[in-house]
Amino acid sequence: MSDNNSNTDFSVLRKRAEEKLRSIEKKSGSNSPAELEHELNVHKEELEMQNEELLVTQRDLVRSIDNYTELFNLAPVGYFILDSEGIISNVNRKGSQLLGLHKNQLIGNPFSVFLNGESFQDDYYRHRNTVMETGELRQLPSEVRKKDGTTLSILIESICVNDEQGQFKHLLSTFSDITRRVQEERKIEFALEKEVELSELKSRFITMVSHEFRTPLTTILSSIELIDKYDKTEDLAKRKNHVGKIKSSVKGLKEILSLFFTLNEIENNMVSNQPATFDMVKLTDNVISMLDKKGHTFFYNHSDNLQDVFLDAKLLKICLANILGNAVKYSPSPGAIEITTEKTKEGTILIFVKDYGIGIPEHEKAQIFEKFYKAQNADVIQGTGLGLNTTQKLISLMGGSISFESKLNEGTVFVLEFKEN
Ligand code: ADP
């Protein structure tokens with residue numbers, strides 16, 4: 001813009017001087033030499049004044065170019081001037097500072113090579129095409145990889161700059177560091193996700209409590225009321241039946257509370273892995289014998305190298321009891337449950353627990369290790385939804401892993417894998 005103005009100023013001044021000279025030439029035919037000399041002096045003074053004006057304009061022009069250069073260089077955002085191919089032809093100080101590269105290392109290179117990976121480069125390519133096609137200012141959130149390997153979240157704003165004839169001159173892409181903003185946004189997103197998770201957890205907890213606590217408490221209350229009524233000697237059998245119901249309800253409640261405590265201890269890092277040598281076959285037999293089998297038949301196969309397994313037996317027992325308890329709970333009675341334990345040549349301990357029960361719905365497979373989660377087909381079956389979550393945490397504490405395969409209405413097999421510590 002300043003170039004145009006100055007061109008106009010110079011040509012106007014030149015025109016005016018030429019007109020004056022022409023008018024002097026015209027007049028010189030009729031005037032006396034003294035008059036002519038006087039007129040010449042006047043015009044000379046005028047020319048000197050115009051010359052002075054010209055110098056001032058020139059100085060303004062230089063100052064204004066300096067100002068623009070300063071503005072360009074000291075701008076708080078990175079400025080990149082690119083040709084039609086996206087090659088950098090100029091960059092300001094902030095631009096090279098943000099990328100951690102000297103101006104000379106940037107000029108001549110495609111702007112896109114400094115973006116963090118193919119996906120951001122493709123986005124920028126599309127962005128540049130749109131700006132060049134529409135001629136409109138466009139924005140693009142992106143990411144750059146700096147020389148030191150760190151990444152920076154940036155906001156690119158691009159616009160086409162055309163010459164007086166409306167022909168493409170260059171593309172101007174500015175970029176500002178929005179890393180902080182992006183980090184803050186991610187934090188907020190994370191906090192929101194956590195909040196949604198928490199509220200989901202809360203509602204699952206309430207459902208669990210109302211199912212798992214209300215039923216045994218109602219049983220206990222009604223049994224107590226009936227015992228109170230059965231006061232005759234011949235009612236002894238009925239009283240015993242209700243005492244039995246109370247005992248089993250209280251046992252169920254105690255088990256729920258103990259699961260809560262175990263999980264709480266794990267989450268507060270109060271449980272540690274303390275491996276020692278034990279007989280794996282004996283431990284498995286023991287867990288099977290303690291189970292409330294409900295008419296199921298257990299088939300246990302094992303390799304013969306499991307007398308000296310080096311793991312935390314106490315933690316493994318809790319895990320096995322949970323997995324085997326589920327196999328019983330979620331398969332029909334009478335039915336078969338198969339257990340296999342083995343130690344491979346590489347020293348890996350493998351435990352397989354297979355049932356022929358209700359299976360786990362495909363769309364819920366990813367969630368069954370979550371706290372208080374119960375699959376839809378297990379809704380009416382008693383359970384807190386804490387067993388698998390606790391088991392998974394204990395197994396990971398022992399450095400092992402748990403996985404499963406399941407088919408709806410056909411059965412499930414859980415696989416536990418450990419390396420001896
Ligand atoms: P729960 O106390 O409900 O059994 P778990 O955490 O042990 O809680 O299991 C979570 C859910 O995983 C169960 O509610 C059930 O939907 C599913 N599940 C676990 N084991 C089995 C299995 N052997 N067969 C079918 N579903 C299972």
Side-chain angles (χ1 to χ4, degrees), residues 197 200-201 203-216 248-249 251-267 284 287-288 290-300 315-340 351-397 400-416:
E197 254 174 47
E200 164 82 358
L201 212 62
S203 80
R204 276 192 221 154
F205 174 75
I206 290 166
T207 313
M208 186 280 283
V209 169
S210 69
H211 272 187
E212 303 307 311
F213 281 70
R214 196 182 281 169
T215 317
S248 104
S249 298
K251 190 175 161 238
L253 287 173
K254 261 180 76 182
E255 275 168 11
I256 295 174
L257 287 179
S258 111
L259 250 178
F260 263 115
F261 284 129
T262 311
L263 193 57
N264 185 52
E265 280 179 355
I266 301 170
E267 286 178 344
T284 313
V287 176
I288 296 172
M290 305 268 287
L291 282 173
D292 184 4
K293 297 190 193 59
K294 296 181 179 156
H296 291 80
T297 312
F298 283 80
F299 295 95
Y300 179 30
L315 302 186
L316 184 63
K317 210 170 162 180
I318 301 173
C319 299
L320 263 181
N322 277 333
I323 300 295
L324 287 171
N326 279 349
V328 169
K329 227 173 15 171
Y330 299 114
S331 67
S333 164
I337 291 169
E338 294 160 16
I339 307 155
T340 309
I351 303 170
F352 301 86
V353 177
K354 184 173 168 64
D355 68 57
Y356 296 88
I358 61 169
I360 298 163
E362 201 56 44
H363 69 283
E364 295 186 273
K365 281 183 175 171
Q367 282 164 288
I368 61 155
F369 289 101
E370 289 175 13
K371 249 193 216 174
F372 305 118
Y373 193 86
K374 285 175 71 82
Q376 274 161 7
N377 62 338
D379 208 26
V380 289
I381 303 169
Q382 272 204 331
T384 55
L386 288 178
L388 282 185
N389 187 271
T390 308
T391 303
Q392 191 186 40
K393 283 179 175 145
L394 288 177
I395 290 175
S396 110
L397 200 69
S401 66
I402 178 168
S403 58
F404 69 91
E405 274 177 29
S406 186
K407 236 174 170 193
L408 204 58
N409 300 321
E410 285 188 19
T412 306
V413 53
F414 274 91
V415 185
L416 279 58

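Counting starts at 1 for both ligands and their atoms, in listed order. The residues of the chain are indexed from 1 along the displayed sequence. Side chains are part of it too, since the values below use all heavy atoms of this structure and drop only hydrogens, waters and symmetry mates.
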> Taking everything shown except Phe260 itself, do over 12 heavy atoms lie less than 6.0 Å from its CZ?
Replying inline: yes
>> As a quick check of understanding, evaluate side chain to side chain contact (heavy atoms under 4.5 Å, CB included) for Phe414 and Leu388, giving each step before the final call.
In response: CA-CA 11 Å; Phe414 274 91; Leu388 282 185; 4.0 Å; yes
> Within a radius of less than 6.0 Å around CD of Gln367, do more than 12 heavy atoms belonging to other residues, nucleotides or ligands occur?
Replying inline: yes
> Just by modelled atom types, is the Ser331 backbone N or O under 3.5 Å from a matching donor or acceptor in the His296 side chain?
Replying inline: yes
>> Tell me whether ligand 1 is touched by Phe369 - counting only heavy atoms on the residue side and a distance under 4.0 Å.
In response: no
> Can you find a non-hydrogen atom of Gly359 under 4.0 Å from ligand 1?
Replying inline: yes
>> For ligand 1, which is the ligand I care about here, please tell me if Gln382 has any N or O atom under 3.5 Å from one of the ligand's N or O atoms.
In response: no
> Just which atoms of ligand 1 are under 4.0 Å from any heavy atom in Leu386?
Replying inline: 6 (O), 8 (O)
>> I'd like to check which ligand 1 atoms, numbered from 1 as shown, lie under 4.0 Å from a non-hydrogen atom of Asp355.
In response: 22 (C), 23 (N)
> Can you list the atoms of ligand 1 that are under 4.0 Å from a heavy atom of Gly383?
Replying inline: 1 (P), 2 (O), 3 (O)
> Side chains of Tyr356 and Glu338: donor-acceptor distance under 3.5 Å anywhere?
Replying inline: yes
> Evaluating non-hydrogen atoms only, which member of Ile337, Asn326, Ile368, Val413 is closest to atom 19 (C) of ligand 1?
Replying inline: Asn326
>> Looking only at distances, can you tell me whether any N or O atom of Gly387, backbone or side chain, sits closer than 3.5 Å to an N or O atom of ligand 1?
In response: yes
>> Quick check on contacts: which atoms of ligand 1 are under 4.0 angstrom from a heavy atom of Thr384?
In response: 1 (P), 2 (O), 3 (O)
>> Checking the N or O distance criterion of under 3.5 Å, is ligand 1 in contact with Asn389?
In response: no
> Less than 4.0 Å between a side-chain N and a carboxylate O, is that true for Glu267 and Lys371?
Replying inline: yes
> Between OG1 of Thr390 and CZ of Phe261, what distance do you get to the nearest 0.5 Å?
Replying inline: 13.5 Å
> By number and element, which atoms of ligand 1 are closer than 4.0 Å to a non-hydrogen atom of Ala375?
Replying inline: 14 (O), 16 (O)
> Can you list the atoms of ligand 1 that are under 4.0 Å from a heavy atom of Ile360?
Replying inline: 25 (C), 26 (N), 27 (C)
> What is the minimum heavy-atom distance between Pro216 and Leu253, and which atoms define it?
Replying inline: CG-CD2, 3.7 Å
>> Test of understanding: given a 4.0 Å heavy-atom threshold, classify the contact between Leu388 and ligand 1 as side chain, backbone, both, or neither.
In response: both
>> So is Lys329 touching ligand 1 or not, going by heavy atoms under 4.0 Å?
In response: yes
>> With a 4.0 Å cut-off on N to O distance, would you call Arg204 and Glu370 a salt bridge?
In response: yes
> Just wondering, more than 12 heavy atoms not from Lys329 lying within 6.0 Å of its NZ?
Replying inline: yes
> With respect to atom 3 (O) of ligand 1, which of Phe372, Tyr373, Tyr330 exhibits the smallest heavy-atom separation?
Replying inline: Tyr330
